[in-house]
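Have a look at the structure below, then the notes.
Remember, it's 1-based here, ligands and their atoms both numbered in the order they're listed. Starting from 1, each residue takes its place in the sequence as its number.
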Amino acid sequence: MEYNADNVFAKILRGEIPCKKIYEDDYALSFYDINPKAKVHALVISKGMYRDYNDFVNHSTDDEIAGYSRAVLKVADILGLTGTGYRIVFNTGKDSGQEVPHLHAHILGGEPLPVDHL
Ligand code: AMP
């Protein structure tokens, strides 16, 4: 399956749609989720055009994987979650309910999180 650059996160990366930015570097852009599922709910999207976690790990460089992974942790730190804890979610493919076909991590925290699916 080809990457489709019409998705909302590609538009945010191109500056066509605004976001509430938390962090940005060469590998990632982070902003608040528009429909938060926890007291703190951030997204970290890759700068590279990858559909999902499968595509990212299969086709990115080691530098991209390291840079993106460090950006996720950096965002958790900026949000003050590293002490109290947080959850990272990569919805991937149909059964996960993934809505936006551009690699993104959800970072959830700021309160005790429900454990029903994990
Ligand atoms: P997923 O189901 O893993 O693809 O999650 C997509 C997430 O993107 C959802 O939690 C949405 O609330 C969020 N979202 C969609 N559009 C925007 C937007 N323009 N700005 C911020 N978050 C968005």
Go through ligand 1 atom by atom and flag the ones less than 4.0 Å from a non-hydrogen atom of N35. 12 (O)
Picking from V44, I88, V89, what satisfies side-chain contact (heavy atoms from CB on, under 4.5 Å) with H106? V89
Does CD belonging to E16 count more than 12 external heavy atoms closer than 6.0 Å? yes
Return the CZ to OH distance between R70 and Y27, rounded to the nearest 0.5 Å. 9.0 Å
Determine, using heavy atoms of G97 and all atoms of ligand 1, whether some pair is separated by less than 4.0 Å. yes
Determine, for K47 against E24, whether the closest basic-nitrogen to carboxylate-oxygen distance falls under 4.0 angstrom. yes
For E99, give me all partners under salt bridge (charged side-chain N to carboxylate O under 4.0 Å, His left out), at least two apart in sequence or on another chain. none
N/O of D33 under 3.5 Å from N/O of ligand 1, yes or no? yes
Backbone or side chain, does any N or O of H41 fall under 3.5 Å from an N or O of ligand 1? no
Do ligand 1 and F31 have nitrogen or oxygen atoms that lie under 3.5 Å from each other? no
Answer with yes or no whether Y32 contacts ligand 1, where contact means a heavy atom under 4.0 Å from a ligand atom. yes
Would you mind listing which atoms of ligand 1 come within a distance below 4.0 Å of any non-hydrogen atom of N91? 1 (P), 2 (O), 3 (O)
Report yes or no: does H106 have a heavy atom closer than 4.0 Å to ligand 1? yes
H104 neighbourhood, listing ligand 1 atoms whose heavy-atom distance to it stays under 4.0 Å: 1 (P), 3 (O), 4 (O), 5 (O), 6 (C)
Can you tell me which portion of F9 lies within the under-4.0 Å heavy-atom range of ligand 1? Options are side chain, backbone, both, or neither. side chain
Looking only at distance, does V100 have an N or O less than 3.5 Å from an N or O of ligand 1? yes
